[in-house]
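In listed order, ligands and their atoms are each counted from 1. Please read these numbers as outputs of a predicted model, since none were measured by experiment.
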Amino acid sequence: MVNSTNGTARIGVTGLATMGGNLARNLARHGYRVAVHNRSMTRTQTLLDKHGDEGDFVPAESMADLVASLQRPRQVIVMVKAGQPTDAVIDELVELLEPGDMVVDGGNAHFADTRRRETVLRERGLHFVGTGISGGEEGALNGPSIMPGGSAESYQHLGPVLESIAAQVDGQPCCTHVGPDGAGHFVKMVHNGIEYADMQLIAESYDLLRRAAGLEPAEIAEVFRTWNSGDLESYLVEITAEVLGHVDAATGRPFVDVVADEAEQKGTGRWTVQEALELGIPVTGIAEAVFARSLSARAGQRAAARGALGASSGTAKVGDRQAFVEDVRQALYASKVVAYAQGFDQIRAASEFYGWGIDLGAMATIWRGGCIIRARFLDRIRQAYHGNADLPSLLVDDYFAGAVSDGEAAWRRVVATAVESGVPAPGFSSALAYHDALRAERLPAALVQGLRDFFGAHTYRRVDRDGVFHTLWSEGRTEIGT
Ligand SMILES: NC(=O)C1=CN([C@@H]2O[C@H](COP(=O)(O)OP(=O)(O)OC[C@H]3O[C@@H](n4cnc5c(N)ncnc54)[C@H](OP(=O)(O)O)[C@@H]3O)[C@@H](O)[C@H]2O)C=CC1
Ligand SMILES: O=C(CO)[C@H](O)[C@H](O)COP(=O)(O)O
């Protein structure tokens, strides 16, 4: 199929489903000659039939055709299912490529897989660029947020192309070189973890407004619409208003009432929590969100509990609805700040552990547009880290410290109402607990240390002098230094 176009395409895309097809169109619309390939040719043909007039596509029937159609050094974006399919495609590609060529994996790969693949390809003289891409179908087509890892050298070639097709905010592309090997996919993973936490907080807000304050979905849609013109302005808040306002055509009921209340997950939120546990970083907001989805999906266990214990409902009902709506707004904002602060902590910890040198302010910059968590307040986060790259936590930045303490009283009222009304709000509660624990003068961890020493001679440190100590609990309780 490839002949006169051999060696002329600027870039190739293999995997033309939702993301790859739209990314190829985005590249073509920006004037690049794009070689397109898919395992089954029907997708390639459909892309050309429907959108072939949007730009300069070079269809390839086989991977060999795809490689032959590319300019050197060759650049191939892989947009296939994460996991084994990605390995299968890479294995096929590496046999066809030459030293200096670049393989860009834009799927939601686990960063450890990316590190493994990068090492293998580097040994063959190839660049492997694990790249987070966020924005779904619409973003891929009109401008996603792009988080490329891999070598600085590969970014010199790829950067201009990727930056040109990324979303633009204030004249800046939502794309930058994140760091070497798996840095890009790690940052995309945490992006998705934050996405989970943000959606959980939004869902809790809805649940409280509906069950504690008695608002209808259409009314709550209006609340979210109003919130979207203030500090909470974000893509997720915007689409919450759309989803809550939607009415099911078949039944005439609110759409949200006809959807099964069992949340699914593909794994990136879970990976974020697993990696946070390894790094020792508390990402309580993301963890609560993952567990809330898991609990929701355990339909049988939930039914059994309802049968045995009765459906949860407390006594408290909200009196002043308007005041409660404002309280929930403030609690949502404060809890969001905590969730994002935890996510950025995790990126910093991984960057230090793996030696990636990630610029946190730059990550906030490229998340301002194109991605699912794009939000007005990401610009505040950008400012905070650009003002002080070593900020110990986003919560200590002047703006965020002020925003969270301004909302503290409302936050406590909302959590208290949730507890009293029997509406589960694990995201709000754990964010508030984190906020309280982080600034506590003394934590009960001292007692935990005492207990560990009692039952296992695990030792402890003292507040008044250096050293490591153990109390001989069964031998007169004498303290010894170790
Ligand atoms: N959908 C989204 O909103 C987002 C998705 N992503 C990630 O982007 C990637 C692509 O996502 P999406 O567009 O939704 O597509 P899917 O994840 O549904 O993957 C479908 C594509 O993978 C190809 N494929 C599957 N198995 C193989 C294999 N063994 N060998 C070769 N090709 C194979 C399919 O080819 P065929 O047509 O022949 O079956 C098809 O092109 C995924 O890694 C996903 O996690 C990232 C951000 C957002
Ligand atoms: O990558 C994404 C956005 O950037 C997707 O939204 C994400 O994969 C959705 O994950 P899940 O199905 O687990 O909710």
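Of all the listed residues (E195, H191, M147), E195 holds the heavy atom that lies closest to atom 5 (C) of ligand 2.
At a threshold of 4.0 Å, the pair R115-E118 does not count as salt-bridged, since none of the basic side-chain nitrogens sits closer than that to a carboxylate oxygen.
Any N or O atom pair closer than 3.5 Å counts here, and K188 shares at least one such pair with ligand 2. Ligand 1 has no N or O atom lying under 3.5 Å from any N or O atom of K188, backbone or side chain. Backbone and side-chain nitrogen or oxygen atoms of V80 are examined, and one is located within less than 3.5 angstrom of a nitrogen or oxygen of ligand 1. Remark: ligand 1 and A88 share no N or O pair separated by less than 3.5 Å (distance only, no angle test). Taking distance alone, with nitrogen or oxygen atoms compared against 3.5 Å, R43 approaches ligand 1 more closely than that limit. At under 3.5 Å, a nitrogen or oxygen of S40, whether backbone or side chain, sits near a nitrogen or oxygen of ligand 1. Considering backbone and side-chain N/O atoms, Q84 never comes within less than 3.5 Å of an N/O atom of ligand 1. By the 3.5 Å distance cut-off applied to N or O atoms, Y196 is counted among the residues near ligand 2.
With a 4.0 Å heavy-atom cut-off, ligand 1 is reached by no atom of E138.
Assignment of A82 to the shell around ligand 1 is supported, since a heavy atom sits closer than 4.0 Å.
Proximity to N108 (heavy-atom distance under 4.0 Å) selects the following atoms of ligand 2: 1 (O), 8 (O). Numbered from 1 in the order shown, with element, the atoms of ligand 2 that lie under 4.0 Å from a heavy atom of N192 read 1 (O), 2 (C), 3 (C), 4 (O), 7 (C), 8 (O). Atoms of ligand 2 found under 4.0 Å from any heavy atom of R293 (numbered from 1 in listed order, with element): 11 (P), 13 (O), 14 (O).
For Y399, the OH atom is densely surrounded, since the number of other residues' heavy atoms within 6.0 Å is greater than 12. Enclosure of atom CZ in R298 is not indicated, since only 12 or fewer non-hydrogen atoms of other residues, nucleotides or ligands lie within 6.0 angstrom.
Using bins of under 30°, 30° to 60° and over 60° for the plane-to-plane angle, the ring pair F186/F111 lands in the perpendicular bin.
Side-chain contact, Q200 with E204: a donor N or O sits under 3.5 Å from an acceptor N or O.
Nearest protein heavy-atom neighbour of atom 25 (C) of ligand 1: R39 NH2, 3.8 Å.
Although no hydrogens or angles enter the test, the distance criterion places no donor-acceptor pair under 3.5 Å between the side chain of D101 and the main chain of Q75.
For F344 and W367, the ring centers sit closer than 6.0 Å to each other.
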